[in-house]
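One structure below.
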Amino acid sequence: MRVLGVVPARGGSRGVPRKNIRLLGGKPLLWYTAQAARQAQRLTRIVLSTDDEEIAEIGRRSGLEVPFLRPQDLARDDTPMLPVVRHALEFVEAGGEPYDAVCLLQPTNPLREPQDIDGCIQLLWETRADAVITTLPVPYEYNPHWVYFTEPDGRLRLSTGEAAPIPARQALPPAVHREGSVYVSRRANIVEHGTLYGSHLVGYPIHPSRSINIDGPDDWALAERLVSLFGAPLVAG
């Protein structure tokens with residue numbers, strides 16, 4: 001299976017300005033994802049998708065390939081991830097390199113490890129799923145069978161659509177949520193069906209200690225503490 005690794009890192013960032021190249025534990029944030037991708041065994045090629053030349057240069061120094069600069073219309077605050085991934089895939093395939101799947105690796109999840117990437121790709125192959133994503137368990141108090149939506153008139157509606165909640169915690173079915181470190185999606189999903197997920201989606205459980213998504217200053221502070229406590233998850237490269 002030929003898998004293209006795509007690392008998206010645009011220049012704009014509101015929560016933490018220039019966060020993709022800000023130093024975390026003495027290394028640019030982007031470096032952590034670059035090292036995990038480079039040490040993974042199942043990625044055929046890894047490219048950085050950025051609109052920013054400074055990020056591109058740091059990406060190159062971190063070992064990433066930068067075969068293009070992303071168009072500005074794909075680097076806005078409200079740009080969905082799907083067209084960014086599709087642009088990268090179509091660019092490299094235009095050079096005569098076909099791929100079976102794409103692995104999306106966002107720099108804002110710096111604590112993933114190479115085995116997380118390889119495990120997701122292996123799971124995609126073994127299950128013949130359309131896509132695999134990393135997941136974390138949902139705490140029982142937030143299980144969909146206990147979560148309500150508030151209607152415009154103030155009434156509460158169970159998120160499952162059922163008339164009444166499951167009464168006992170022990171009877172709740174396990175639930176997981178999207179974790180964000182790794183997305184692996186088959187080419188057909190992206191190019192033909194316009195989705196990263198497809199209809200057959202499988203979850204790859206990741207340990208909570210390796211999970212953080214840096215969106216704002218509080219997340220950055222937590223990431224600093226984790227790296228300080230445990231060291232950089234990867235030191236090679």
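Counting from 1, the numbers follow the sequence of the chain as shown. All values below come from the heavy atoms of this structure, side chains included, with hydrogens, waters and symmetry mates left out.
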Between [X] and [Y], is there shared hydrophobic-cluster membership here, with clusters defined by ILVMFWY side-chain heavy atoms closer than 4.5 Å?
X: Val176; Y: Val202; answer: no
X: Trp146; Y: Leu158; answer: no
X: Ile55; Y: Leu74; answer: no
X: Val85; Y: Val66; answer: no
X: Val7; Y: Met81; answer: no

For [X], give me all partners under salt bridge (Lys or Arg N to Asp or Glu O under 4.0 Å), at least two apart in sequence or on another chain.
X: Arg18; value: Asp52, Glu54
X: Asp153; value: Arg155
X: Arg42; value: none
X: Glu151; value: Arg157

Taking all non-hydrogen atoms of both residues into account, name the closest pair between [X] and [Y] and its distance.
X: Ala88; Y: Val47; value: CB-CG2, 4.5 Å
X: Leu124; Y: Ala101; value: CD2-CB, 4.0 Å
X: Ala37; Y: Ile46; value: O-CD1, 3.4 Å
X: Pro110; Y: Tyr32; value: O-CB, 3.4 Å
X: Lys19; Y: Asp215; value: NZ-CA, 4.0 Å
X: Val6; Y: Ser49; value: CG1-CB, 4.5 Å

Are side-chain heavy atoms of [X] and [Y] found at a separation under 4.5 Å?
X: Arg2; Y: Asp100; result: yes
X: Ile166; Y: Thr160; result: no
X: Gln35; Y: Ser62; result: yes
X: Glu53; Y: Leu69; result: yes
X: Arg70; Y: Pro8; result: yes
X: Tyr99; Y: Val3; result: no
X: Val184; Y: Tyr204; result: no
X: Leu196; Y: Ile190; result: yes

Distance, nearest 0.5 Å, that separates [atom1] of [X] from [atom2] of [Y]:
X: Asp73; Y: Asp51; atom1: CG; atom2: CG; result: 10.5 Å
X: Ile21; Y: Ile58; atom1: CD1; atom2: CD1; result: 4.0 Å
X: Met1; Y: Thr44; atom1: CE; atom2: OG1; result: 9.5 Å
X: Leu64; Y: Glu57; atom1: CG; atom2: CD; result: 11.5 Å
X: Glu224; Y: Ile214; atom1: CD; atom2: CD1; result: 8.0 Å
X: Ile117; Y: Ile121; atom1: CD1; atom2: CD1; result: 7.0 Å

Residue pairs involving residues 69-90 (criterion ring pair (Phe, Tyr, Trp, His ring centres under 6.0 Å); sequence neighbours excluded): Phe68-His87
Residue pairs meeting ring pair (Phe, Tyr, Trp, His ring centres under 6.0 Å), one or both in residues 151-193, sequence neighbours left out, come to none
If we ignore angles and hydrogens, is there a donor and acceptor under 3.5 Å between the side chains of Arg112 and Thr33? yes
Quick one about Asp130 and Ser199 (side-chain donor to acceptor, distance below 3.5 Å, no hydrogens or angles considered), yes or no? yes
Please report, to 0.1 Å, the donor-acceptor pairs under 3.5 Å made by any side chain of residues 135-144, with sequence neighbours excluded.
| unit_1 | atom_1 | unit_2 | atom_2 | d |
| --- | --- | --- | --- | --- |
| Asn143 | OD1 | His145 | N | 3.0 |
| Asn143 | ND2 | Pro173 | O | 2.8 |

Under the 4.5 Å side-chain heavy-atom rule for ILVMFWY, direct or indirect, which residues accompany Val147? none
Remaining members of the apolar cluster that contains Phe149, side-chain heavy atoms under 4.5 Å: none
Is there any salt bridge (charged side-chain N to carboxylate O under 4.0 Å, His left out) pair reaching into residues 178-202, and which pairs are they, with sequence neighbours excluded? Glu93-Arg187
Could you pull out all residues at least two apart from Thr150 that satisfy side chain to side chain donor-acceptor pair (under 3.5 Å)? none
List the steps and the verdict of side chain to side chain contact (heavy atoms under 4.5 Å, CB included) for Ile133 and Val182. CA-CA 6 Å; Ile133 60 173; Val182 185; over 6 Å; no
Please evaluate residues Gln122 and Glu126 with respect to the criterion side chain to side chain donor-acceptor pair (under 3.5 Å), reporting the C-alpha separation (whole Å), side-chain torsions for both, the decisive distance (0.1 Å), and the verdict. CA-CA 6 Å; Gln122 180 67 25; Glu126 290 176 348; 2.7 Å; yes
The test is side chain to side chain contact (heavy atoms under 4.5 Å, CB included); show your working for Trp220 and Leu29 and say whether it passes. CA-CA 10 Å; Trp220 190 276; Leu29 179 64; 3.9 Å; yes
Go through the steps to decide whether Glu65 and Leu48 satisfy the test side chain to side chain contact (heavy atoms under 4.5 Å, CB included), and finish with yes or no. CA-CA 6 Å; Glu65 184 181 352; Leu48 173 66; over 6 Å; no
Got a sec: does the CH2 of Trp125 have more than 12 other heavy atoms crowding it under 6.0 Å? no
Could you tabulate the donor-acceptor pairs under 3.5 Å formed by side-chain atoms of residues 102-109, not counting sequence neighbours?
| unit_1 | atom_1 | unit_2 | atom_2 | d |
| --- | --- | --- | --- | --- |
| Thr108 | OG1 | Asn213 | OD1 | 3.4 |
| Asn109 | ND2 | Ile212 | O | 3.4 |

